[in-house]
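All figures in this text were calculated on a predicted structure; none of them were measured in a lab. Just so you know, these numbers use all the heavy atoms, side chains as well, and skip hydrogens, waters and symmetry mates.
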Amino acid sequence: MAASKGACLVVGVGDGVGSAIAKAFAAEGYTVCMTRRPRHLDQLEALAAEIRTGGHDAYAFGVDARAEADMIALVDRIEAEIGPLEIVVFNIGANVRFDLTQTTAQVFSKVWEMACFAGFLAAREAARVMVPRGRGTILFTGASASLRGKEGFSAFASAKAGLRAVAQSAARELGPKGVHVAHVVVDGAIDGVFIRSMRGEVGDLLDQDLILKPADIALNYVHLHNQPRSAWTHELDLRPWSESW
């Protein structure tokens with residue numbers, strides 16, 4: 001079933017930002033295709049059902065975004081069975097903290113594969129189908145670690161900085177071919193299961209807009225996609241009004 005506006009693929013959909021992005025593009029009239037690791041497919045299917053209950057189209061896929069063959073097959077399936085890919089959002093985080101001397105080669109490699117290499121695969125496969133049509137949007141979720149490496153984050157920061165470089169290279173290459181590529185630096189605590197497990201009740205923080213709200217983040221992704229090509233943004237940073245930076 002093809003969507004009236006086409007398909008939006010969100011790679012890396014958890015309970016927070018990824019879920020909000022999927023819902024926001026579904027509300028815009030796109031069929032949202034969401035990925036998460038296969039072991040979390042039940043949770044992703046529940047989100048897809050929730051979106052469909054709201055009157056929109058959604059599909060869940062259990063995919064390892066680091067697997068080249070899987071990403072190729074996923075894009076081919078979406079194009080053949082669902083609709084033309086108009087938006088691809090890469091939203092895998094892989095935020096871990098280890099002292100430098102405690103960072104194993106396995107940890108470093110895995111974080112790079114998740115947060116950088118998988119982003120390259122998503123962008124490459126998106127470009128493969130978007131460039132011939134001369135249109136499309138590729139969006140990357142970054143972090144403050146994309147811009148600077150802090151103590152304990154050598155693996156995460158290097159991967160996110162690498163992803164930012166992938167985004168810049170893709171933007172310079174694909175922009176003249178009609179594909180909008182943007183990188184979003186999300187700087188600050190984000191409401192969700194993780195931050196609530198760390199801080200407990202966050203109602204006061206939300207009431208005062210002291211932490212990022214996933215739905216508000218997602219609105220910016222929709223805005224980036226809807227920008228006219230005479231004034232495209234490549235990099236956008238988002239943070240609460242009170243965040244020190």
Looking only at non-hydrogen atoms, find the nearest pair between [X] and [Y] and report the distance.
X      : Y      : result
Ala126 : Ile138 : CB-CD1, 3.8 Å
Phe90  : Ala122 : CD1-CB, 4.1 Å
Thr103 : Ala155 : CG2-CB, 4.3 Å
Ala127 : Pro132 : O-CD, 4.0 Å
His234 : Ala167 : CE1-O, 3.5 Å
Ala65  : Val11  : CB-CG1, 3.7 Å

Just verifying a value: how many Å separate [X] [atom1] and [Y] [atom2], rounded to the nearest 0.5 Å?
X      : Y      : atom1 : atom2 : answer
Arg52  : Glu45  : CZ    : CD    : 6.5 Å
Ile87  : Leu224 : CD1   : CG    : 11.5 Å
Ser144 : Asp237 : OG    : CG    : 11.0 Å
Lys23  : Ile51  : NZ    : CD1   : 7.0 Å
Asn220 : Thr233 : CG    : OG1   : 10.0 Å
Trp112 : Phe156 : CH2   : CZ    : 16.0 Å

Problem set entry | Full working for side chain to side chain contact (heavy atoms under 4.5 Å, CB included) between Leu174 and Val131 | CA-CA 7 Å; Leu174 302 180; Val131 168; 3.8 Å; yes
Using side-chain heavy atoms (C-beta onward) and a distance below 4.5 Å, is [X] in contact with [Y]?
X      : Y      : result
Leu47  : Gln43  : no
Arg36  : Leu41  : no
Met71  : Val63  : yes
Phe140 : Val89  : no
Thr141 : His183 : no
Asp209 : Pro240 : no
Glu86  : Lys5   : no
Arg239 : Trp245 : yes

For this session: Take Asp64 and Arg37 through the side chain to side chain contact (heavy atoms under 4.5 Å, CB included) test and state the conclusion after the steps.
Result: CA-CA 5 Å; Asp64 184 344; Arg37 289 187 181 183; 5.6 Å; no
Side-chain heavy atoms under 4.5 angstrom apart, residues restricted to Ile, Leu, Val, Met, Phe, Trp, Tyr: same cluster for [X] and [Y]?
X      : Y      : value
Val111 : Phe108 : no
Val222 : Val10  : yes
Val96  : Met114 : no
Val186 : Phe153 : no

Problem set entry | Criterion side chain to side chain contact (heavy atoms under 4.5 Å, CB included) against Thr35, the qualifying member of Val13, Leu74, Ile92 |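 Going through the options one by one, the only one that passes is Leu74.
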Exercise. Going through the distances and angles, do Ile190 and Val17 end up as a side chain to side chain contact (heavy atoms under 4.5 Å, CB included)?
Worked result: CA-CA 8 Å; Ile190 304 170; Val17 175; 3.8 Å; yes
So that I can tick it off, tell me whether [Y] and [X] are bridged by a salt bridge, with the cut-off set at under 4.0 angstrom between side-chain N and carboxylate O.
X      : Y      : answer
Arg128 : Asp76  : yes
Arg124 : Glu68  : yes
Glu79  : Arg133 : yes

Taking the side chain from [X] and the backbone from [Y], do they hold a donor-acceptor pair closer than 3.5 Å?
X      : Y      : result
Arg66  : Glu113 : no
Asn91  : Gly12  : yes
His56  : Thr31  : no
His180 : Trp232 : no

Hey, is [atom1] on [X] packed in by over 12 heavy atoms from elsewhere, all under 6.0 Å?
X      : atom1 : result
Arg77  : CZ    : no
Asp42  : CG    : no
Lys213 : NZ    : yes

For this session: Kindly state whether the ring of His225 and the ring of Tyr30 have centres lying under 6.0 angstrom apart.
Result: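 Ring centroids of His225 and Tyr30 are less than 6.0 Å from each other.
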Exercise. How would you list all residue pairs meeting side-chain hydrogen bond (donor to acceptor under 3.5 Å, both in side chains) that involve residues 145-169, not counting sequence neighbours?
Worked result: Arg164-Glu235
Problem set entry | Whichever hydrophobic residues join Leu147 through chains of side-chain contacts under 4.5 Å |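 When side chains under 4.5 Å apart are linked, the cluster holding Leu147 also contains Val185.
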Problem set entry | Test log, rule side chain to side chain contact (heavy atoms under 4.5 Å, CB included), inputs Leu238 and Val184 | CA-CA 7 Å; Leu238 303 174; Val184 183; 3.7 Å; yes
Problem set entry | Distance-only side-chain donor-acceptor flag, Thr137 / Tyr221, under 3.5 Å | no
